[in-house]
Chemist: 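Can you read through this structure? Questions will come right after.
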Number of protein chains: 2
Amino acid sequence: MRLVIARCSVDYVGRLKAHLPLATRLLVVKADGSVLVHSDGGSYKPLNWMSPPATMRVAAAVEAELEEGVAEQWTVQSAKTDDRLIVNVHQILHDSSHELGVDPGLVKDGVESDLQRLLAEQIETLGTGYSLIRREYYTAIGPVDILARDASGTTVAVELKRRGDIDGVEQLTRYLELLNRDPLLAPVRGIFAAQQIKPQARVLAADRGIDCVTLDYDAMRGVDDVESRLF
Amino acid sequence: MRLVIARCSVDYVGRLKAHLPLATRLLVVKADGSVLVHSDGGSYKPLNWMSPPATMRVAAAVEAELEEGVAEQWTVQSAKTDDRLIVNVHQILHDSSHELGVDPGLVKDGVESDLQRLLAEQIETLGTGYSLIRREYYTAIGPVDILARDASGTTVAVELKRRGDIDGVEQLTRYLELLNRDPLLAPVRGIFAAQQIKPQARVLAADRGIDCVTLDYDAMRGVDDVESRLF
DNA sequence: TCCTCGATTTCGTCG
DNA sequence: CGACGAAGTCGAGGA
(Lines give C-alpha, C1' and ligand atoms only; values in the text may rest on other atoms or scores of the structure.)
Protein backbone atom coordinates (compact mmCIF):
# COMPACT_ATOMS: atom_id res chain seq x y z
CA MET A 1 0.00 0.00 0.00
CA ARG A 2 1.31 3.37 -1.04
CA LEU A 3 0.26 6.57 0.73
CA VAL A 4 0.72 9.90 -1.01
CA ILE A 5 -0.28 13.36 0.16
CA ALA A 6 -0.27 15.59 -2.89
CA ARG A 7 -1.62 18.73 -4.44
CA CYS A 8 -3.51 17.32 -7.40
CA SER A 9 -6.46 17.56 -9.72
CA VAL A 10 -8.37 14.41 -10.64
CA ASP A 11 -10.57 13.36 -13.55
CA TYR A 12 -12.71 10.26 -13.82
CA VAL A 13 -14.08 9.03 -17.12
CA GLY A 14 -16.23 5.93 -17.23
CA ARG A 15 -19.84 5.34 -16.28
CA LEU A 16 -19.91 9.11 -15.79
CA LYS A 17 -17.45 11.98 -15.89
CA ALA A 18 -16.24 13.70 -12.75
CA HIS A 19 -13.66 16.37 -12.07
CA LEU A 20 -11.82 17.45 -8.93
CA PRO A 21 -10.14 20.88 -8.99
CA LEU A 22 -6.60 21.35 -7.69
CA ALA A 23 -6.27 20.80 -3.92
CA THR A 24 -4.27 18.83 -1.37
CA ARG A 25 -5.54 15.29 -0.90
CA LEU A 26 -4.67 11.80 0.28
CA LEU A 27 -4.03 9.26 -2.48
CA VAL A 28 -4.10 5.58 -1.48
CA VAL A 29 -2.75 3.02 -3.95
CA LYS A 30 -3.65 -0.51 -2.87
CA ALA A 31 -1.93 -3.76 -3.76
CA ASP A 32 -4.73 -4.77 -6.17
CA GLY A 33 -4.23 -1.57 -8.18
CA SER A 34 -7.22 0.26 -6.76
CA VAL A 35 -6.81 3.95 -5.97
CA LEU A 36 -8.69 6.11 -3.46
CA VAL A 37 -8.72 9.92 -3.42
CA HIS A 38 -9.70 11.20 0.02
CA SER A 39 -10.19 14.69 1.42
CA ASP A 40 -9.82 15.54 5.12
CA GLY A 41 -13.52 15.16 5.83
CA GLY A 42 -16.70 13.56 4.69
CA SER A 43 -17.50 9.95 5.39
CA TYR A 44 -15.78 6.83 4.26
CA LYS A 45 -16.56 7.31 0.59
CA PRO A 46 -13.63 8.81 -1.32
CA LEU A 47 -14.07 11.90 -3.49
CA ASN A 48 -12.98 9.76 -6.40
CA TRP A 49 -11.64 6.26 -6.83
CA MET A 50 -10.84 3.34 -9.12
CA SER A 51 -12.11 -0.12 -8.26
CA PRO A 52 -9.86 -3.15 -8.54
CA PRO A 53 -8.49 -4.74 -10.55
CA ALA A 54 -6.65 -1.84 -12.12
CA THR A 55 -3.20 -0.84 -13.27
CA MET A 56 -1.43 2.48 -12.83
CA ARG A 57 0.85 4.15 -15.35
CA VAL A 58 2.93 7.18 -14.36
CA ALA A 59 3.90 9.74 -16.99
CA ALA A 60 6.70 12.20 -16.17
CA ALA A 61 6.25 15.93 -16.68
CA VAL A 62 8.55 15.99 -19.69
CA GLU A 63 5.69 14.93 -21.93
CA ALA A 64 4.51 18.02 -23.70
CA GLU A 65 0.78 17.45 -23.35
CA LEU A 66 0.74 17.86 -19.59
CA GLU A 67 -0.95 20.99 -18.31
CA GLU A 68 0.78 23.79 -16.48
CA GLY A 69 2.30 22.90 -13.13
CA VAL A 70 1.83 19.13 -13.35
CA ALA A 71 4.84 17.21 -12.04
CA GLU A 72 3.54 13.81 -13.07
CA GLN A 73 0.35 12.28 -14.33
CA TRP A 74 -1.10 9.01 -13.06
CA THR A 75 -3.37 7.06 -15.36
CA VAL A 76 -5.29 4.40 -13.47
CA GLN A 77 -6.99 2.03 -15.90
CA SER A 78 -9.60 -0.50 -14.86
CA ALA A 79 -8.68 -4.01 -16.00
CA LYS A 80 -12.26 -5.02 -16.73
CA THR A 81 -14.01 -1.91 -18.03
CA ASP A 82 -12.79 1.18 -19.88
CA ASP A 83 -13.16 3.30 -16.75
CA ARG A 84 -10.15 5.53 -16.21
CA LEU A 85 -8.94 7.76 -13.42
CA ILE A 86 -6.41 10.47 -14.22
CA VAL A 87 -4.51 12.15 -11.39
CA ASN A 88 -2.54 15.28 -12.23
CA VAL A 89 0.03 15.47 -9.45
CA HIS A 90 1.38 19.00 -8.99
CA GLN A 91 3.35 18.52 -5.79
CA ILE A 92 4.05 15.52 -3.56
CA LEU A 93 4.09 16.37 0.15
CA HIS A 94 4.39 12.84 1.48
CA ASP A 95 5.09 9.46 -0.09
CA SER A 96 5.46 6.15 1.74
CA SER A 97 4.91 2.46 0.98
CA HIS A 98 3.93 -0.30 3.40
CA GLU A 99 3.53 -4.08 3.44
CA LEU A 100 0.21 -5.02 5.03
CA GLY A 101 -0.39 -8.63 4.06
CA VAL A 102 -3.77 -10.28 3.63
CA ASP A 103 -6.53 -9.24 6.02
CA PRO A 104 -8.39 -11.93 8.02
CA GLY A 105 -11.65 -10.04 7.40
CA LEU A 106 -14.61 -8.76 9.34
CA VAL A 107 -16.92 -10.69 11.68
CA LYS A 108 -20.41 -9.15 11.96
CA ASP A 109 -23.30 -9.68 14.38
CA GLY A 110 -26.68 -8.01 14.32
CA VAL A 111 -27.47 -7.79 10.62
CA GLU A 112 -30.77 -8.81 9.05
CA SER A 113 -29.86 -12.49 9.06
CA ASP A 114 -29.56 -12.35 12.86
CA LEU A 115 -32.93 -10.63 13.13
CA GLN A 116 -34.33 -13.34 10.87
CA ARG A 117 -32.85 -16.10 13.00
CA LEU A 118 -34.30 -14.52 16.16
CA LEU A 119 -37.76 -14.16 14.64
CA ALA A 120 -37.66 -17.74 13.40
CA GLU A 121 -36.79 -18.91 16.93
CA GLN A 122 -39.46 -16.69 18.47
CA ILE A 123 -42.06 -17.10 15.76
CA GLU A 124 -44.92 -16.60 18.25
CA THR A 125 -43.88 -12.93 18.34
CA LEU A 126 -46.17 -12.74 15.31
CA GLY A 127 -49.10 -14.21 17.23
CA THR A 128 -50.14 -17.14 19.37
CA GLY A 129 -50.16 -20.51 17.62
CA TYR A 130 -47.73 -19.55 14.82
CA SER A 131 -45.27 -22.21 13.68
CA LEU A 132 -42.22 -21.97 11.43
CA ILE A 133 -42.23 -23.70 8.05
CA ARG A 134 -38.81 -22.45 7.00
CA ARG A 135 -36.44 -19.48 6.65
CA GLU A 136 -35.17 -18.34 3.24
CA TYR A 137 -37.87 -20.13 1.26
CA TYR A 138 -36.50 -19.94 -2.26
CA THR A 139 -38.74 -18.98 -5.16
CA ALA A 140 -38.06 -18.16 -8.79
CA ILE A 141 -38.08 -14.44 -8.05
CA GLY A 142 -36.03 -14.49 -4.88
CA PRO A 143 -36.06 -15.84 -1.33
CA VAL A 144 -39.02 -15.29 1.02
CA ASP A 145 -37.51 -14.35 4.39
CA ILE A 146 -39.75 -16.55 6.53
CA LEU A 147 -42.59 -18.93 5.68
CA ALA A 148 -44.83 -19.84 8.60
CA ARG A 149 -48.28 -21.14 9.49
CA ASP A 150 -50.71 -19.22 11.69
CA ALA A 151 -52.98 -20.65 14.38
CA SER A 152 -55.64 -21.53 11.80
CA GLY A 153 -53.12 -23.38 9.63
CA THR A 154 -52.98 -20.72 6.92
CA THR A 155 -49.61 -20.19 5.23
CA VAL A 156 -47.98 -16.85 6.05
CA ALA A 157 -45.13 -15.20 4.12
CA VAL A 158 -43.06 -12.82 6.25
CA GLU A 159 -40.91 -10.07 4.76
CA LEU A 160 -38.38 -8.84 7.26
CA LYS A 161 -36.69 -5.43 7.19
CA ARG A 162 -34.77 -3.30 9.59
CA ARG A 163 -36.59 -0.27 8.19
CA GLY A 164 -40.00 -0.93 6.68
CA ASP A 165 -40.31 1.01 3.45
CA ILE A 166 -42.68 0.98 0.49
CA ASP A 167 -40.24 -1.14 -1.52
CA GLY A 168 -40.47 -3.90 1.07
CA VAL A 169 -44.26 -4.02 0.70
CA GLU A 170 -43.86 -4.25 -3.09
CA GLN A 171 -41.38 -7.06 -2.65
CA LEU A 172 -43.72 -9.00 -0.37
CA THR A 173 -46.60 -8.39 -2.80
CA ARG A 174 -44.59 -9.99 -5.62
CA TYR A 175 -43.85 -13.01 -3.42
CA LEU A 176 -47.50 -13.34 -2.39
CA GLU A 177 -48.66 -13.25 -6.02
CA LEU A 178 -46.28 -16.08 -6.83
CA LEU A 179 -46.93 -18.16 -3.71
CA ASN A 180 -50.69 -17.92 -4.17
CA ARG A 181 -50.34 -19.65 -7.55
CA ASP A 182 -49.04 -22.74 -5.70
CA PRO A 183 -52.12 -24.83 -4.80
CA LEU A 184 -50.16 -26.59 -2.04
CA LEU A 185 -49.57 -23.28 -0.24
CA ALA A 186 -52.53 -21.07 -1.23
CA PRO A 187 -54.06 -19.13 0.31
CA VAL A 188 -50.99 -17.29 1.59
CA ARG A 189 -51.24 -14.26 3.89
CA GLY A 190 -48.51 -11.64 4.15
CA ILE A 191 -46.86 -10.10 7.20
CA PHE A 192 -44.52 -7.14 6.89
CA ALA A 193 -42.22 -7.14 9.92
CA ALA A 194 -39.68 -4.42 10.69
CA GLN A 195 -38.11 -2.54 13.56
CA GLN A 196 -39.73 0.61 12.20
CA ILE A 197 -42.48 0.87 9.57
CA LYS A 198 -43.01 4.07 7.58
CA PRO A 199 -46.60 5.43 7.47
CA GLN A 200 -46.73 5.20 3.66
CA ALA A 201 -45.62 1.59 3.79
CA ARG A 202 -48.28 0.89 6.41
CA VAL A 203 -50.98 2.41 4.18
CA LEU A 204 -49.87 0.45 1.13
CA ALA A 205 -49.68 -2.76 3.16
CA ALA A 206 -53.21 -2.25 4.51
CA ASP A 207 -54.41 -1.65 0.94
CA ARG A 208 -52.90 -4.99 -0.10
CA GLY A 209 -54.29 -6.87 2.89
CA ILE A 210 -50.85 -7.27 4.40
CA ASP A 211 -50.45 -7.13 8.18
CA CYS A 212 -47.70 -5.04 9.75
CA VAL A 213 -45.71 -6.05 12.83
CA THR A 214 -43.18 -3.83 14.58
CA LEU A 215 -40.28 -5.77 16.07
CA ASP A 216 -38.20 -4.89 19.13
CA TYR A 217 -34.80 -6.32 18.25
CA ASP A 218 -33.28 -5.56 21.66
CA ALA A 219 -36.12 -7.36 23.43
CA MET A 220 -35.84 -10.33 21.06
CA ARG A 221 -32.10 -10.44 21.58
CA GLY A 222 -32.70 -10.22 25.32
CA VAL A 223 -34.98 -13.25 25.21
CA ASP A 224 -32.35 -15.02 23.16
CA ASP A 225 -29.65 -14.20 25.71
CA VAL A 226 -31.82 -15.49 28.57
CA GLU A 227 -32.52 -18.67 26.65
CA SER A 228 -28.82 -19.10 25.88
CA ARG A 229 -27.92 -18.74 29.54
CA LEU A 230 -30.15 -21.68 30.41
CA PHE A 231 -27.83 -24.05 28.58
CA MET B 1 -5.34 14.18 8.63
CA ARG B 2 -3.37 11.55 10.48
CA LEU B 3 -2.13 8.40 8.75
CA VAL B 4 -1.16 5.41 10.84
CA ILE B 5 -0.01 1.99 9.70
CA ALA B 6 -0.44 -0.35 12.64
CA ARG B 7 -0.90 -3.92 13.77
CA CYS B 8 -4.29 -3.70 15.44
CA SER B 9 -7.58 -5.37 16.24
CA VAL B 10 -10.80 -3.39 15.92
CA ASP B 11 -14.26 -3.63 17.45
CA TYR B 12 -17.37 -1.71 16.46
CA VAL B 13 -20.42 -1.47 18.67
CA GLY B 14 -23.49 0.43 17.52
CA ARG B 15 -26.19 -0.45 15.06
CA LEU B 16 -24.47 -3.83 14.95
CA LYS B 17 -21.39 -5.44 16.40
CA ALA B 18 -18.32 -6.17 14.29
CA HIS B 19 -14.86 -7.48 15.08
CA LEU B 20 -11.57 -7.38 13.17
CA PRO B 21 -8.83 -9.81 14.29
CA LEU B 22 -5.24 -8.65 14.73
CA ALA B 23 -3.56 -7.63 11.46
CA THR B 24 -1.62 -4.78 9.87
CA ARG B 25 -3.90 -2.05 8.52
CA LEU B 26 -4.13 1.59 7.50
CA LEU B 27 -5.86 3.89 10.00
CA VAL B 28 -6.96 7.30 8.71
CA VAL B 29 -8.05 9.92 11.24
CA LYS B 30 -9.73 12.86 9.54
CA ALA B 31 -10.10 16.44 10.75
CA ASP B 32 -13.80 15.95 11.57
CA GLY B 33 -12.96 13.06 13.90
CA SER B 34 -13.99 10.31 11.51
CA VAL B 35 -11.79 7.22 11.34
CA LEU B 36 -11.30 4.72 8.51
CA VAL B 37 -9.76 1.27 8.84
CA HIS B 38 -8.49 0.03 5.46
CA SER B 39 -6.84 -3.18 4.35
CA ASP B 40 -4.58 -3.44 1.30
CA GLY B 41 -7.40 -4.57 -0.99
CA GLY B 42 -11.09 -4.43 -1.62
CA SER B 43 -12.66 -1.33 -3.02
CA TYR B 44 -13.28 2.02 -1.40
CA LYS B 45 -15.31 0.74 1.53
CA PRO B 46 -13.24 0.46 4.71
CA LEU B 47 -13.23 -2.74 6.75
CA ASN B 48 -14.54 -0.65 9.61
CA TRP B 49 -15.08 3.05 10.27
CA MET B 50 -16.66 5.79 12.34
CA SER B 51 -18.72 8.47 10.67
CA PRO B 52 -18.27 12.14 11.58
CA PRO B 53 -18.73 13.95 13.83
CA ALA B 54 -16.75 11.90 16.33
CA THR B 55 -14.10 12.29 18.98
CA MET B 56 -11.13 10.06 19.71
CA ARG B 57 -9.72 9.24 23.12
CA VAL B 58 -6.37 7.45 23.45
CA ALA B 59 -5.69 5.28 26.49
CA ALA B 60 -2.10 4.27 27.25
CA ALA B 61 -1.11 0.65 27.84
CA VAL B 62 -0.57 1.18 31.56
CA GLU B 63 -4.28 0.76 32.20
CA ALA B 64 -4.78 -2.71 33.58
CA GLU B 65 -7.84 -3.66 31.57
CA LEU B 66 -6.02 -3.64 28.24
CA GLU B 67 -5.53 -7.04 26.67
CA GLU B 68 -2.19 -8.73 26.07
CA GLY B 69 0.13 -6.95 23.64
CA VAL B 70 -1.88 -3.74 23.27
CA ALA B 71 0.34 -0.63 23.23
CA GLU B 72 -2.58 1.81 23.24
CA GLN B 73 -6.32 1.76 22.80
CA TRP B 74 -8.27 4.26 20.71
CA THR B 75 -11.90 4.86 21.57
CA VAL B 76 -13.70 6.68 18.78
CA GLN B 77 -17.10 7.89 19.94
CA SER B 78 -19.78 9.22 17.59
CA ALA B 79 -21.00 12.65 18.69
CA LYS B 80 -24.59 12.01 17.64
CA THR B 81 -25.28 8.35 18.36
CA ASP B 82 -23.84 5.88 20.86
CA ASP B 83 -21.86 4.13 18.13
CA ARG B 84 -18.32 3.38 19.20
CA LEU B 85 -15.19 2.13 17.47
CA ILE B 86 -12.41 0.63 19.56
CA VAL B 87 -8.97 0.17 18.04
CA ASN B 88 -6.48 -1.93 19.97
CA VAL B 89 -3.12 -0.78 18.63
CA HIS B 90 -0.40 -3.37 19.15
CA GLN B 91 2.38 -1.82 17.12
CA ILE B 92 2.68 1.42 15.14
CA LEU B 93 4.70 1.04 11.95
CA HIS B 94 4.08 4.51 10.52
CA ASP B 95 2.54 7.69 11.89
CA SER B 96 2.30 11.04 10.10
CA SER B 97 0.00 14.06 10.16
CA HIS B 98 -0.84 16.42 7.31
CA GLU B 99 -2.68 19.68 6.71
CA LEU B 100 -5.03 19.32 3.76
CA GLY B 101 -7.43 22.24 3.99
CA VAL B 102 -10.99 22.29 2.71
CA ASP B 103 -11.70 20.46 -0.54
CA PRO B 104 -13.43 22.35 -3.38
CA GLY B 105 -15.53 19.26 -4.06
CA LEU B 106 -16.48 17.06 -6.95
CA VAL B 107 -18.09 18.10 -10.22
CA LYS B 108 -20.14 15.32 -11.82
CA ASP B 109 -21.63 14.88 -15.27
CA GLY B 110 -23.72 11.98 -16.46
CA VAL B 111 -25.85 11.14 -13.46
CA GLU B 112 -29.59 10.56 -13.71
CA SER B 113 -30.45 14.25 -13.49
CA ASP B 114 -28.28 14.94 -16.56
CA LEU B 115 -29.93 12.10 -18.42
CA GLN B 116 -33.30 13.53 -17.41
CA ARG B 117 -32.40 17.00 -18.64
CA LEU B 118 -31.18 15.61 -21.97
CA LEU B 119 -34.28 13.48 -22.48
CA ALA B 120 -36.51 16.45 -21.66
CA GLU B 121 -34.66 18.52 -24.28
CA GLN B 122 -34.77 15.69 -26.81
CA ILE B 123 -38.20 14.36 -25.96
CA GLU B 124 -38.74 13.11 -29.51
CA THR B 125 -36.19 10.38 -28.71
CA LEU B 126 -39.29 8.60 -27.37
CA GLY B 127 -41.09 8.94 -30.71
CA THR B 128 -42.15 11.44 -33.33
CA GLY B 129 -44.63 14.05 -32.18
CA TYR B 130 -43.89 13.78 -28.47
CA SER B 131 -43.97 16.99 -26.45
CA LEU B 132 -42.82 17.73 -22.91
CA ILE B 133 -45.38 18.62 -20.24
CA ARG B 134 -42.84 18.90 -17.43
CA ARG B 135 -39.94 17.29 -15.57
CA GLU B 136 -40.25 16.23 -11.93
CA TYR B 137 -44.04 16.22 -11.92
CA TYR B 138 -44.81 16.06 -8.21
CA THR B 139 -47.44 13.65 -6.91
CA ALA B 140 -48.42 12.58 -3.42
CA ILE B 141 -46.24 9.49 -3.67
CA GLY B 142 -43.20 11.12 -5.23
CA PRO B 143 -42.06 12.89 -8.38
CA VAL B 144 -42.68 11.45 -11.84
CA ASP B 145 -39.40 11.90 -13.74
CA ILE B 146 -40.96 13.19 -16.95
CA LEU B 147 -44.56 13.82 -17.99
CA ALA B 148 -45.13 14.16 -21.74
CA ARG B 149 -47.76 13.91 -24.44
CA ASP B 150 -47.47 11.54 -27.38
CA ALA B 151 -48.40 12.28 -31.01
CA SER B 152 -52.03 11.36 -30.35
CA GLY B 153 -52.23 13.70 -27.35
CA THR B 154 -52.23 10.92 -24.75
CA THR B 155 -50.43 11.66 -21.49
CA VAL B 156 -47.23 9.65 -20.98
CA ALA B 157 -45.41 9.14 -17.67
CA VAL B 158 -41.70 8.39 -18.10
CA GLU B 159 -39.62 6.69 -15.43
CA LEU B 160 -35.92 7.18 -16.05
CA LYS B 161 -33.11 5.00 -14.71
CA ARG B 162 -29.49 4.43 -15.54
CA ARG B 163 -30.04 0.73 -14.99
CA GLY B 164 -33.55 -0.54 -15.59
CA ASP B 165 -34.48 -2.94 -12.83
CA ILE B 166 -37.72 -4.48 -11.59
CA ASP B 167 -38.02 -1.86 -8.85
CA GLY B 168 -38.19 0.89 -11.47
CA VAL B 169 -41.14 -0.81 -13.15
CA GLU B 170 -42.91 -1.12 -9.80
CA GLN B 171 -42.31 2.55 -9.13
CA LEU B 172 -43.73 3.57 -12.53
CA THR B 173 -46.72 1.27 -11.97
CA ARG B 174 -47.54 3.09 -8.71
CA TYR B 175 -47.35 6.45 -10.49
CA LEU B 176 -49.58 5.24 -13.32
CA GLU B 177 -52.20 3.98 -10.88
CA LEU B 178 -52.29 7.38 -9.22
CA LEU B 179 -52.17 9.49 -12.39
CA ASN B 180 -54.96 7.47 -13.99
CA ARG B 181 -57.27 8.50 -11.14
CA ASP B 182 -56.88 12.12 -12.31
CA PRO B 183 -59.60 12.73 -14.93
CA LEU B 184 -57.64 15.65 -16.37
CA LEU B 185 -54.71 13.38 -17.22
CA ALA B 186 -56.23 9.92 -17.75
CA PRO B 187 -55.62 7.80 -19.66
CA VAL B 188 -51.89 7.84 -18.90
CA ARG B 189 -49.44 5.50 -20.64
CA GLY B 190 -46.10 4.49 -19.15
CA ILE B 191 -42.62 4.44 -20.65
CA PHE B 192 -39.67 2.89 -18.83
CA ALA B 193 -36.49 4.48 -20.16
CA ALA B 194 -32.97 3.42 -19.17
CA GLN B 195 -29.47 3.01 -20.56
CA GLN B 196 -29.78 -0.71 -19.92
CA ILE B 197 -32.95 -2.67 -19.15
CA LYS B 198 -32.80 -6.06 -17.42
CA PRO B 199 -34.76 -8.88 -19.12
CA GLN B 200 -36.93 -9.47 -16.05
CA ALA B 201 -37.82 -5.77 -15.88
CA ARG B 202 -38.70 -5.90 -19.57
CA VAL B 203 -41.04 -8.86 -19.02
CA LEU B 204 -42.76 -7.20 -16.06
CA ALA B 205 -43.14 -3.93 -17.99
CA ALA B 206 -44.71 -5.74 -20.94
CA ASP B 207 -47.09 -7.47 -18.52
CA ARG B 208 -48.18 -4.07 -17.19
CA GLY B 209 -48.56 -2.54 -20.65
CA ILE B 210 -45.52 -0.33 -20.14
CA ASP B 211 -43.23 0.41 -23.09
CA CYS B 212 -39.46 0.12 -22.73
CA VAL B 213 -36.95 2.47 -24.35
CA THR B 214 -33.20 2.02 -24.25
CA LEU B 215 -31.32 5.32 -24.19
CA ASP B 216 -27.90 6.04 -25.66
CA TYR B 217 -26.50 8.67 -23.31
CA ASP B 218 -23.39 9.29 -25.42
CA ALA B 219 -25.48 9.91 -28.52
CA MET B 220 -27.85 12.18 -26.61
CA ARG B 221 -24.94 14.10 -25.15
CA GLY B 222 -23.47 14.30 -28.64
CA VAL B 223 -26.63 15.92 -29.95
CA ASP B 224 -26.54 18.26 -26.99
CA ASP B 225 -22.94 19.22 -27.74
CA VAL B 226 -23.77 19.96 -31.36
CA GLU B 227 -26.74 22.08 -30.32
CA SER B 228 -24.60 23.91 -27.77
CA ARG B 229 -22.00 24.76 -30.40
CA LEU B 230 -24.64 26.49 -32.50
CA PHE B 231 -25.01 29.19 -29.87
C1' DT C 1 -35.91 18.57 10.48
C1' DC C 2 -37.62 14.50 8.23
C1' DC C 3 -38.35 11.82 4.21
C1' DT C 4 -37.35 10.06 -0.35
C1' DC C 5 -34.41 8.62 -3.92
C1' DG C 6 -29.99 8.09 -6.48
C1' DA C 7 -25.25 5.96 -6.40
C1' DT C 8 -19.00 5.17 -10.64
C1' DT C 9 -23.18 2.52 -4.89
C1' DT C 10 -20.33 -2.06 -2.71
C1' DC C 11 -21.02 -6.58 -0.99
C1' DG C 12 -22.72 -11.22 -0.27
C1' DT C 13 -25.22 -15.29 -1.88
C1' DC C 14 -27.58 -18.36 -4.61
C1' DG C 15 -29.11 -20.30 -9.11
C1' DC D 1 -21.35 -15.32 -14.38
C1' DG D 2 -25.88 -12.95 -13.79
C1' DA D 3 -29.55 -11.64 -10.63
C1' DC D 4 -31.43 -10.24 -6.45
C1' DG D 5 -31.36 -8.06 -1.94
C1' DA D 6 -28.90 -5.90 2.19
C1' DA D 7 -26.01 -2.06 3.92
C1' DG D 8 -23.50 0.62 10.41
C1' DT D 9 -25.10 2.07 3.33
C1' DC D 10 -23.82 7.82 2.28
C1' DG D 11 -25.45 12.12 0.32
C1' DA D 12 -28.56 15.48 -1.93
C1' DG D 13 -32.83 17.89 -2.53
C1' DG D 14 -37.60 18.96 -1.51
C1' DA D 15 -41.60 19.21 1.93
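In what follows, every chain begins at residue 1, and chains take the letters A, B, ... in the order their sequences are listed.
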Chemist: Spell out, as yes or no, whether a donor-acceptor pair under 3.5 Å connects the side chain of A:Asp32 to the backbone of B:Gly42.
Modeler: yes

Chemist: Pick base, sugar-phosphate or nothing for A:Glu159, based on heavy-atom distances below 4.0 Å to the nucleic acid.
Modeler: sugar-phosphate

Chemist: What residues from residues 172-180 of chain A pass a heavy-atom cutoff of under 4.0 Å to DNA chain D?
Modeler: A:Arg174, A:Tyr175

Chemist: What residues form a side chain to side chain contact (heavy atoms under 4.5 Å, CB included) with A:Ser113, not counting sequence neighbours?
Modeler: A:Val111

Chemist: With rounding to whole Å, what would you report as the distance between D:dG5 and C:dT8 at their P atoms?
Modeler: 22 Å

Chemist: Determine, step by step, whether A:Leu119 and A:Val158 satisfy the side chain to side chain contact (heavy atoms under 4.5 Å, CB included) criterion, reporting the C-alpha distance in whole Å, the side-chain angles of both residues, the deciding distance to 0.1 Å, and the verdict.
Modeler: CA-CA 10 Å; A:Leu119 184 59; A:Val158 183; 4.2 Å; yes

Chemist: Tell me: CG of A:Leu160 to P of D:dA6, nearest whole Å?
Modeler: 9 Å

Chemist: Of all residues at least two apart in sequence or in a different chain, which pass the ring-ring contact (aromatic ring centres under 6.0 Å, His included) check with A:His98?
Modeler: B:His94

Chemist: Please give, in whole Å, the distance from D:dG8 P to B:Asp11 CG?
Modeler: 15 Å

Chemist: Give the rounded distance in Å between these two atoms: CD of B:Glu112 and P of C:dT4.
Modeler: 17 Å

Chemist: In residues 195-214 of chain A, which residues come under 4.0 Å of DNA chain C by heavy atom?
Modeler: A:Lys198, A:Gln200

Chemist: In whole Å, what separates the C1' atom of C:dA7 from that of D:dA6?
Modeler: 15 Å

Chemist: Do A:Gln196 and A:Arg163 have side-chain N/O donor and acceptor atoms under 3.5 Å apart?
Modeler: no

Chemist: Whole-Å distance between C:dA7 P and A:Leu16 CG?
Modeler: 9 Å

Chemist: Rounding to an integer number of Å, can you tell me how far A:Leu47 CG sits from D:dG11 C1'?
Modeler: 13 Å

Chemist: Counting heavy atoms not belonging to B:Arg135, are there more than 12 under 6.0 Å from its CZ?
Modeler: yes

Chemist: Quick check: on DNA chain D, is the nucleotide nearest A:Gly142 upstream (toward 5') of the one nearest B:Asp83, or the reverse? Name the residue that is more 5'.
Modeler: A:Gly142

Chemist: Check every strand shown and say whether A:Met50 touches a base, only sugar-phosphate, or nothing at a heavy-atom separation below 4.0 Å.
Modeler: nothing

Chemist: With sequence neighbours left out, what residues match A:Asp40 under side chain to side chain contact (heavy atoms under 4.5 Å, CB included)?
Modeler: B:Met1, B:Lys30, B:Ala31, B:Leu100

Chemist: Taking side chain to side chain contact (heavy atoms under 4.5 Å, CB included) as the definition, give me every residue that meets it alongside A:Asp218, ordered by chain and number, with sequence neighbours left out.
Modeler: A:Asp216, A:Arg221

Chemist: Walk me through whether A:Leu179 and A:Leu147 qualify under side chain to side chain contact (heavy atoms under 4.5 Å, CB included).
Modeler: CA-CA 10 Å; A:Leu179 294 174; A:Leu147 209 60; 4.1 Å; yes

Chemist: Atom CD1 of A:Ile166 to atom P of C:dC2: distance rounded to whole Å?
Modeler: 20 Å

Chemist: In terms of side-chain heavy atoms of B:Lys161, which of C:dG6, D:dG8, C:dA7 is nearest?
Modeler: C:dG6

Chemist: List in chain and number order the residues that pass ring-ring contact (aromatic ring centres under 6.0 Å, His included) with A:Trp49, two or more places apart in sequence or in another chain; answer none if no residue qualifies.
Modeler: B:Tyr44

Chemist: Mind jotting down which residue pairs meet the salt bridge (Lys or Arg N to Asp or Glu O under 4.0 Å) criterion with at least one end in residues 73-83 of chain A? Sequence neighbours excluded, please.
Modeler: A:Arg15-A:Asp83

Chemist: Would you kindly give the NZ-to-C1' distance between B:Lys30 and D:dC10, to the nearest whole Å?
Modeler: 12 Å

Chemist: I'd like to check the side chain to side chain contact (heavy atoms under 4.5 Å, CB included) partners of A:Arg7; sequence neighbours left out, ordered by chain and number.
Modeler: A:Leu22, A:Thr24, A:His90, A:Gln91

Chemist: Quick check for you: among D:dG8, C:dT8, D:dG5, whose closest atom lies nearest to any side-chain atom of B:Lys108?
Modeler: C:dT8

Chemist: Tell me, with the steps shown, if B:Asp109 and B:Asp114 meet side chain to side chain contact (heavy atoms under 4.5 Å, CB included).
Modeler: CA-CA 7 Å; B:Asp109 169 46; B:Asp114 297 297; 3.9 Å; yes

Chemist: Establish, from distance only, whether the side-chain atoms of B:Lys161 and B:Gln171 form a donor-acceptor pair under 3.5 Å.
Modeler: yes

Chemist: Show me, range against range, the stems involving DNA chain D, built from at least 3 consecutive Watson-Crick or G-U pairs below 3.5 Å.
Modeler: C:1-7 with D:9-15, C:9-15 with D:1-7

Chemist: Let me have a per-nucleotide readout for nucleotides 10-15 of chain C, 5' to 3', with B, S or -, counting only protein heavy atoms under 4.0 Å.
Modeler: SS--SS

Chemist: If you find the nucleotide of DNA chain C closest to A:Asp167 and the one closest to B:Leu106, which residue's nucleotide is nearer the 5' end?
Modeler: A:Asp167

Chemist: List the atom pairs, with distances to 0.1 Å, where a side-chain N or O of residues 201-208 of chain B and a protein N or O form a donor-acceptor pair under 3.5 Å, not counting sequence neighbours.
Modeler:
{"unit_1": "B:Arg208", "atom_1": "NH1", "unit_2": "B:Glu170", "atom_2": "OE1", "d": "3.4"}
{"unit_1": "B:Arg208", "atom_1": "NH1", "unit_2": "B:Thr173", "atom_2": "OG1", "d": "2.9"}

Chemist: Name the nucleic acid region contacted by A:Gln171, choosing base, sugar-phosphate or nothing; use a 4.0 angstrom heavy-atom cut-off, strictly under.
Modeler: sugar-phosphate

Chemist: Round to the nearest Å and state the distance from A:Asp165 atom CG to D:dG5 atom C1'.
Modeler: 14 Å

